[in-house]
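Please read the structure below before turning to the comments.
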2 protein chains.
Amino acid sequence: MQAIDGVAEREALPGLRERKKQRTRNTLTRCALELFARQGYDGTTVDEIAEAADVSQRTFFRYFANKEEVALALQEVEEAVALAALQARPPEEPPLAAMCNAAMATWDAMGPAIEAVVPLELHLHTQRMIESTPQLLAARLRRLGHFEDRLAAEIARREGVDLATDPRPRVLVAACSGVLRAASRVWGERADGDLDDLLRLVTDYLGLLGPALTGSWRNRT
Amino acid sequence: MQAIDGVAEREALPGLRERKKQRTRNTLTRCALELFARQGYDGTTVDEIAEAADVSQRTFFRYFANKEEVALALQEVEEAVALAALQARPPEEPPLAAMCNAAMATWDAMGPAIEAVVPLELHLHTQRMIESTPQLLAARLRRLGHFEDRLAAEIARREGVDLATDPRPRVLVAACSGVLRAASRVWGERADGDLDDLLRLVTDYLGLLGPALTGSWRNRT
DNA sequence: TGTCAATTGTCAGTGCCTGCCATAATCTCG
DNA sequence: CGAGATTATGGCAGGCACTGACAATTGACA
């Protein structure tokens, strides 16, 4: 699970058993997302997913703690990519700039990582489904909270401050992720959402973070 | 549901039927929170809550869409108090200052509103339970998202900008609420949390919003 | 090949939640 | 006050998510 600097770590074959498990997990994920896309989240039972993946219902629950989790499975991938993007920023970059640039870099690197499991279009459809399904949105926001912790820890490491006593990493990450969520929600409400649109929205919103916090807006229009 | 300027609206008795419903709802809430406090959220069944409130299980689900909702029932009260606090801020106050001051004012006004339903201590215990129960935390975060929309709308109204085209209200609210959540989480992790401690944390964190966003932290320590 | 550990399937059971219909309580109006 | 309309409630059947226990199967490893 640890992200390692080198590149020659990918194909360290972990035994037949482990590969089979990974394959089952991916199959389960793909079948679930396809069924969700076709007949909705609530309209799909765990039994159907299990049958489509040719395993028992009990096995499904050995791979995913609950039905929500399979819908959010790919979010884990996204988080890994985003965290790696932040770690790849040069150390001398100021914290806010590093966060912004990492956000930009994430969109490019994400595609291939997702395609390894499901078609990108299916994943985009899933994202919209999550946003419009209360139960899934709730679970997603909770996971996001944990992810923010990891981001804050990385910021603290970069800047050499102590996360336990210095609240600035948490404050920064909280502000940024709040803005990112606002941007993605506005984007989600547009029916004609393009990926470039999202990138533009995020850029604009992050740029507004400073100005929006200072003084009255009426004197500046 | 509309907030009305006048004050003589409180005691407009809404008929026996309506009062009885409100009483049943409060009873259900109180019984549920007490049971949760005594034997945990997962350790309490809906049947137990219904029995304690002397209604059928079916009736419980007519008042609350699901088990989560009764645990979060008082959050609705808090949101109403907070929104009122924001609306009470003088119009000439800049947006960020209005948000901060409203947050401060909320803590004072909240107590009595809560006490009308359950003892304040029980409510505080419930807050900690929500924070430590994944399912409840998730639901709470989702509700918070809706609440942020209402706050952003109020900010937009105050400043006379259009929420649909000007993202600054959302950006401001997102940043503030992110910081508030970070503060309350840090507070929640301290076992010896005092209410004054929370107030102090929120003040500090909001004050850091500006500085944490600018440049590198290493040159200023 | 044989033994051990991990993975899976089957089954039974609990709890959350919903639709349906009958009953009882409240409201309305003559 | 009383009959009819409206609304809240209770009971029941059933679907679905999820879990524990045990047996059967499969890959790992000597």
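These numbers were taken from a predicted model, which means no experiment stands behind them. Every chain is numbered from 1, with letters handed out A, B, ... down the list of sequences.
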Proximal nucleotide (of C:dC17, C:dG19, C:dT10) relative to the B:Gln57 side chain: C:dC17
Under-4.0 Å salt bridge between A:Glu148 and B:Arg181: yes
Whole-Å gap separating C1' (D:dA8) and OH (B:Tyr63): 7 Å
Of the listed nucleotides D:dT26, C:dC20, C:dC17, the one nearest the side chain of B:Asn66: C:dC17
For atom CZ of B:Arg19 and atom P of C:dT26, their distance in whole Å: 11 Å
Heavy atoms of other groups near A:Asp47 CG, more than 12 under 6.0 Å: yes
Separation of C:dT7 C1' from A:Asp54 CG (nearest whole Å): 15 Å
Salt bridge A:Arg128-A:Glu131, side-chain N to carboxylate O under 4.0 Å: no
Side chain of B:Phe61 (C-beta onward), nearest among D:dG11, D:dA17, C:dT18: C:dT18
Inter-residue atom distance B:Arg140.CZ - B:Phe147.CZ, 0.5 Å rounding: 11.0 Å
Rounded distance in Å - NZ (B:Lys21) to C1' (C:dA24): 16 Å
For atom CD of A:Glu51 and atom P of C:dG9, their distance in whole Å: 13 Å
Residue whose closest nucleotide on DNA chain D lies nearer the 5' end, A:Arg62 versus A:Asp47: A:Asp47
Below 4.0 Å: OP1/OP2 of D:dA8 and any side-chain N or O of B:Lys20: no
Among C:dC11, C:dG19, C:dC16, the nucleotide that comes nearest once only the side chain of B:Arg58 is considered: C:dG19
Contact nearer the 5' end of DNA chain C, comparing A:Phe60 with B:Asp42: A:Phe60
Distance in angstrom units between A:Glu18 CD and D:dA28 P, rounded: 10 Å
A:Lys67 NZ to C:dG15 P, straight-line distance once rounded to whole Å: 21 Å
Atom pair distance, as rounded to whole Å: CD1 in B:Ile49 and P in C:dC16: 8 Å
Sugar-phosphate only, base, or nothing, as touched by B:Phe64 at under 4.0 Å among non-hydrogen atoms: nothing
Distance-only donor-acceptor test (3.5 Å): side chain A:Arg17, base C:dA6: yes
From OG1 (A:Thr126) to CG (A:Leu72), nearest 0.5 Å: 10.0 Å
5' priority, DNA chain C, between A:Thr59 and B:Thr44 [closest heavy atom]: A:Thr59
